[in-house]
Amino acid sequence: MKNNFVTILDFGSGKITCMAASKLSDNGEFIIKAVGQANYSGFDENGFFEPSMLESAVSQAISQVEGKIKCDVKEIYVGVPGAFCSLLTSEASTTFHSRKKIDQDDIDELVKKADIYKSGDDFAYLSGKPVYFILDGAIKTYDPLGAIANKLTALVSFSFMKRAFRNTIAPILVDRGINRVNYINACEAQAGYLSSFNMREGYSIVIDIGYITTNVMLSGGKGLLFQRTFALGSGYFASDLRLVIGCDFEHAMAALEKVNLNLEVKPGDAYSINGRAFEASQTNGAVKERIAQIADYIIRSFQTCDKEIPANTPIILTGGGLAYLRGGVDCLSQHLGKRVQLYTSVNPQTNRNEYTSSYGLIYEAITSNKNKNKGGFFSFLSKIGKGDK
């Protein structure tokens, strides 16, 4: 496909999304041309729950896009969910014979020098990205090009994907005639997009609470420093309500649309759903307990992070479910003991929390195309990181 037109495939925990988008600028701005979706059973770290239904769901999502753009998809960028990814960081330094002006070759060599990891039999290499640089052991920068220094140090983030994921998805795409497949760490792309969107180069925490899985990420500078995925999401809210207030799934979903956790409910207060009254304190209490559990999982996830996180690091919430629950963000903030801000966009095309992973993949695909056209190490990474061979 043309360099200014990309197609992505995003595997959420409850649905598969395909999007086609055209770039508006080299800064990563884009316009979405077509969207295709299909529901499916999701996955965990061991694989897809109903692999026999996967091909149909993938084909359905892609076919919807092809019908809207009036052409066949020949190249696609596939987001690898956090459950199928591994992330490692490494630091490397280069000392020059004398003070010199840093160029792209210096950066390329330094990133390759930092690559000390072997992917092994179970994982395939995805990418290596500099997070930040240190000039002469003292000056921190995110873009050292043109700087004068004797010594250049870089912290580099490396992503790997489970080969089992690629081995499952690649045959489905090849059968559709899609032979150019680029695999991207979906968490890395999402965190990068949100950081760029909010014009942040420092640290930021991204929490994506999906339907049955949650991804937590620590972004720092131009790369991802940490990521974890756990099997708990907003889909559990409805299941909890079914048990606590004794109703079917349809009523539970309708109850969630009425829930407002900011209300100070009193005995006798009730939500009226389809002519049936549900005790408000009991309903709110069930949802709050689940949010408290999710917050506990988030805290425990970051206890395994070996990076020092500044106290003023902003926390951004995204994903479907909790982001749309009235009072949900405030409740999560209370349990985390930190202010949580909700992802928002003034652009109506990119103002849906459940699609920020897809937006990130588009942003990454457009950026990748720009770097491939420029050549250099990032072009080299795009070739070895495809993983479709």
Side-chain angles (χ1 to χ4, degrees), residues 11 43-46 78-94 107-134 140 142 144 152-167 182-195 201-208 213-230 297-298 300-310 313 357 360-361 364 367-368 371 377-378 380-387:
F11 290 85
F43 55 83
D44 63 14
E45 61 182 9
N46 297 313
V78 177
V80 184
F84 301 109
C85 284
S86 177
L87 186 85
L88 298 168
T89 59
S90 176
E91 188 176 281
S93 297
T94 296
I107 296 174
D108 295 347
E109 288 300 319
L110 189 57
V111 173
K112 285 190 282 188
K113 186 177 181 179
D115 186 7
I116 60 174
Y117 301 108
K118 302 295 182 182
S119 56
D121 295 333
D122 295 330
F123 285 85
Y125 184 87
L126 277 179
S127 66
K129 292 185 176 181
V131 179
Y132 58 77
F133 299 87
I134 303 293
K140 184 176 180 179
Y142 300 106
L152 181 64
T153 302
L155 180 68
V156 185
S157 173
F158 294 95
S159 288
F160 305 86
M161 72 169 166
K162 290 185 177 180
R163 294 183 187 275
F165 175 85
R166 183 190 62 187
N167 294 342
N182 310 270
Y183 295 95
I184 298 172
N185 181 338
C187 287
E188 183 179 62
Q190 183 182 38
Y193 168 75
L194 292 177
S195 296
E201 287 191 323
Y203 284 67
S204 61
I205 291 172
V206 176
I207 302 172
D208 183 341
T213 60
T214 292
N215 294 309
V216 294
M217 298 148 266
L218 174 64
S219 178
K222 300 295 185 179
L224 197 59
L225 288 166
F226 173 82
Q227 70 176 76
R228 281 292 183 275
T229 300
F230 55 84
Y297 273 57
I298 292 170
R300 283 196 278 169
S301 293
F302 278 109
Q303 287 175 347
T304 66
C305 178
D306 63 351
K307 303 297 186 292
E308 187 173 337
I309 306 174
T313 300
S357 178
L361 292 173
E364 183 73 15
T367 304
S368 175
N371 288 327
F377 182 66
F378 290 102
F380 169 68
L381 281 185
S382 71
K383 294 175 183 176
I384 64 173
K386 284 187 176 181

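The side-chain hydrogen bond (donor to acceptor under 3.5 Å, both in side chains) test applied to S90 returns no partner, not counting sequence neighbours. Residues passing the side chain to side chain contact (heavy atoms under 4.5 Å, CB included) test with A191 are V206, M217, S219, L224, sequence neighbours excluded. Not a single ring pair (Phe, Tyr, Trp, His ring centres under 6.0 Å) links F133 to another residue, sequence neighbours left out. By the ring pair (Phe, Tyr, Trp, His ring centres under 6.0 Å) test, Y132 is found to be paired with no residue, residues two or more places apart in sequence or in another chain being considered. For D208, the side-chain hydrogen bond (donor to acceptor under 3.5 Å, both in side chains) partners at least two apart in sequence or on another chain are Q190. Under the rule for a side chain to side chain contact (heavy atoms under 4.5 Å, CB included), the partners of D44 that lie at least two apart in sequence or sit in another chain are N46, F49. With sequence neighbours excluded, the residues satisfying side-chain hydrogen bond (donor to acceptor under 3.5 Å, both in side chains) with T89 are K307. Every residue two or more places apart in sequence or in another chain was checked for a side chain to side chain contact (heavy atoms under 4.5 Å, CB included) with E308, and none qualifies. For the side chain to side chain contact (heavy atoms under 4.5 Å, CB included) test, residues two or more places apart in sequence or in another chain that qualify with S301 are V216, R228, F230. Under the salt bridge (charged side-chain N to carboxylate O under 4.0 Å, His left out) criterion, R163 pairs with no residue, sequence neighbours left out. Residues forming a side-chain hydrogen bond (donor to acceptor under 3.5 Å, both in side chains) with S357 (at least two apart in sequence, or on another chain): D10.
Side-chain atoms of E188 and S127 include a donor-acceptor pair closer than 3.5 Å.
Side-chain contact check for V80 versus N185: every heavy-atom pair is 4.5 Å or farther apart.
The environment of Y297 atom OH is sparse: at most 12 non-hydrogen atoms of other residues, nucleotides or ligands sit within 6.0 angstrom.
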